[in-house]
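Some notes on the structure that comes next.
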Protein chains: 2
Amino acid sequence: MKHNATSYVILGLLSIEPGHSGYDMRKAVQGSIGYFWGESYGQIYPALKLLTGEGLIARSGTGSNGRKRRQGYVLTEAGRRCLREWLAVPFHDEPPRNEFLLKLFFAREAAPGAAAAHLRDFEERNLRMLDALKKIEASVPADKPPNPHQPYWLLTLGFGKALTTAALAWGESARAELAAAEPSTAPSARVPKKRAARKTASSRKHRGGKH
Amino acid sequence: MKHNATSYVILGLLSIEPGHSGYDMRKAVQGSIGYFWGESYGQIYPALKLLTGEGLIARSGTGSNGRKRRQGYVLTEAGRRCLREWLAVPFHDEPPRNEFLLKLFFAREAAPGAAAAHLRDFEERNLRMLDALKKIEASVPADKPPNPHQPYWLLTLGFGKALTTAALAWGESARAELAAAEPSTAPSARVPKKRAARKTASSRKHRGGKH
DNA sequence: TGGGTCATGTAATAGGTTACATGATTGC
DNA sequence: GCAATCATGTAACCTATTACATGACCCA
């Protein structure tokens, strides 16, 4: 049987925390792996139905427990086997699509200063990201019998921090190189001062967590 | 009018090299921005038709010139304006989906050694990537009247190198941390020796360039 | 009794890959 | 003449996001 990545996210989450509902899963994704993965309800609920039908997960402790009208799920043995098989298979690279680099690559055609503005924007977003990662890190530890998942969680967190930090370092040197290559508006001043209030609202509606 | 990213890639490429055909564009994408962007024919040809209909690009020097049966395109003034407008707008973050980190995050459920295997795989791919980037870099320079696009190209290349290098550095330390956390098969030997011939063929059919 | 958020789900749509079909040109 | 590659295009399919619809529960 073929499954999409969403199904494996569900199996993985249930291997860590049995009893999660679809709603919980969305929250968990945003809160703990949001910096490298996203899921929407439109993916999760159909996948839950599918996995249930295939016997890889099962309904558990229906609403009657505590809150009403919410459906928890648990892994079946078949589900756990399926997850393990997937974990053993080499990963796929996602098709790369970085719009920031695309705009930078074509920036010669843009108005002077546009590249510098994108660079600043990029650095801002990375700073926010680094902040979010540190918050996650602070919320992870402190378990008396040490959580067996923790080493792996810390590795992925470390990856996020390492790459974000590298991006910030690159950004700084890139700004300097740009200033040398683009005489810009004022030759000696690095960048125009008044650049507040960039419009970011419309792109922030969905998929929480990141940035 | 709303366009997808493919359309802007086309406009951008034509702003650099007028006369390119759809086939050329696919090649150019693979060869020069393949490490952060991909396009398939199924996207390019419909977009060319659309853009022509909107008057943003125009057919130029049809096949009769040199080779037969190939259609070149050039930017119109409207097309150049459209490209500039897009370049001035803040970029969108792509939805993050890193399957490697996903498998690492859930690795507690996997067979012992699986995480280490993914890590080695990851490092191999990054080494190949770094190699590809160096090849691109070597092919870029050497223009007597310096190419005005070059500063931007070098910035994006530098980004690729910086991030790939950071990923490699993280990988090395991650392997050490893993070895400490996972007793693995043999406690003193880092990783099992015989790991040749991972199956990579089936996932490499399409979208050239990268990794 | 009214607002917020918990909770589940579906339909419309967008965006993109893959496989296929077709034919010209080039080099041997 | 044959294979490889140049070159264009289309159709089927898959994945995923967004917006919408619905209703329960909580608390003030």
Side-chain angles (χ1 to χ4, degrees), chain A residues 1-10 19-30 34 37-53 59 61-73 92-97 99 202-210, chain B residues 1-10 19-31 37-53 59 61-73 92-97 99 202-210:
Chain A
M1 279 173 249
K2 259 210 64 195
H3 299 98
N4 59 8
T6 301
S7 297
Y8 295 111
V9 171
I10 291 172
H20 263 30
S21 67
Y23 193 83
D24 296 335
M25 292 177 198
R26 167 85 203 275
K27 284 265 171 120
V29 167
Q30 283 182 265
W37 200 271
E39 290 293 349
S40 60
Y41 293 132
Q43 290 278 108
I44 290 175
Y45 285 113
L48 285 173
K49 191 177 285 184
L50 196 85
L51 290 170
T52 307
R59 297 200 174 81
T62 325
S64 52
N65 170 29
R67 291 111 147 204
K68 263 140 225 160
R69 192 168 146 64
R70 54 152 281 171
Q71 185 52 257
Y73 294 88
H92 293 318
D93 284 314
E94 81 238 273
R97 287 211 137 188
E99 201 184 87
S202 71
S203 51
R204 301 260 166 293
K205 268 183 299 221
H206 47 313
R207 288 275 205 70
K210 54 169 191 141
Chain B
M1 280 173 249
K2 259 209 65 193
H3 299 97
N4 58 8
T6 301
S7 296
Y8 295 111
V9 171
I10 291 172
H20 262 28
S21 66
Y23 193 84
D24 295 337
M25 291 176 199
R26 168 84 203 274
K27 285 269 171 118
V29 167
Q30 283 183 268
W37 200 271
E39 291 293 350
S40 61
Y41 293 133
Q43 290 277 109
I44 290 174
Y45 285 112
L48 286 173
K49 191 178 286 185
L50 195 85
L51 290 169
T52 307
R59 297 201 173 80
T62 324
S64 52
N65 169 31
R67 291 109 146 208
K68 263 139 225 162
R69 191 166 145 67
R70 56 153 277 164
Q71 184 54 257
Y73 294 88
H92 294 316
D93 283 312
E94 82 238 87
R97 288 211 137 189
E99 201 185 85
S202 71
S203 52
R204 302 261 166 294
K205 271 183 298 225
H206 46 315
R207 288 276 206 71
K210 53 160 190 151

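First the proteins, then the strands, lettered A, B, ... as listed; each starts at 1.
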What does the list of N/O pairs under 3.5 Å between the protein and nucleotides 10-12 of chain D look like, with a distance for each?
residue : atom : partner : partner atom : Å
dT10(D) : OP1  : K49(B)  : NZ           : 3.2
dT10(D) : OP2  : K49(B)  : NZ           : 3.3

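Here the P atom of nucleotide dG9(D) and the CG atom of D24(B) are 13 Å apart, to the nearest Å. Between the CD1 atom of I10(A) and the P atom of dT15(D) there is a distance of 14 Å, given to the nearest Å. The interatomic distance linking R70(B) (CZ) with dG9(D) (C1') rounds to 16 Å, in whole Å. One can place CZ of R26(B) at 14 Å from C1' of dT5(D), the figure rounded to the nearest angstrom. Atoms CE (M25(A)) and C1' (dC6(C)) sit 16 Å apart, rounded to a whole Å. Between the CZ atom of R97(B) and the P atom of dG15(C) there is a distance of 17 Å, given to the nearest Å. One atom, NE2 of H20(A), and another, C1' of dT8(C), lie 16 Å apart when rounded to the nearest Å. Whole-Å rounding puts the Q71(A) CD to dC25(D) P distance at 15 Å.
For S7(B), the side-chain hydrogen bond (donor to acceptor under 3.5 Å, both in side chains) partners are N4(B), not counting sequence neighbours. Looking at residues two or more places apart in sequence or on another chain, you find a side chain to side chain contact (heavy atoms under 4.5 Å, CB included) between Y23(A) and S21(A), K27(A), Y41(A), Y45(A).
Side-chain contact between M25(B) and V9(B) is absent, with no heavy atoms from C-beta onward closer than 4.5 Å.
A distance of 10.0 Å separates CD1 of I44(A) from CG of D24(A), quoted to the nearest 0.5 Å.
The shortest non-hydrogen separation linking Y73(B) to T52(B) is CE2-OG1, 3.6 Å. The two residues A47(A) and T6(A) make their nearest non-hydrogen contact at CB-CG2, 4.1 Å.
The main-chain N or O of E39(A) is found under 3.5 Å from a side-chain atom of R26(A) such that the two form a donor-acceptor pair.
For Y23(B), taking side-chain heavy atoms from C-beta onward, the closest of the listed nucleotides dT18(C), dT5(C), dT8(D) is dT8(D).
Look at S21(B) and you'll find a side-chain N or O under 4.0 angstrom from OP1 or OP2 of dT8(D). For dA16(D), one of the phosphate oxygens OP1 or OP2 lies less than 4.0 angstrom from a side-chain nitrogen or oxygen of N4(A).
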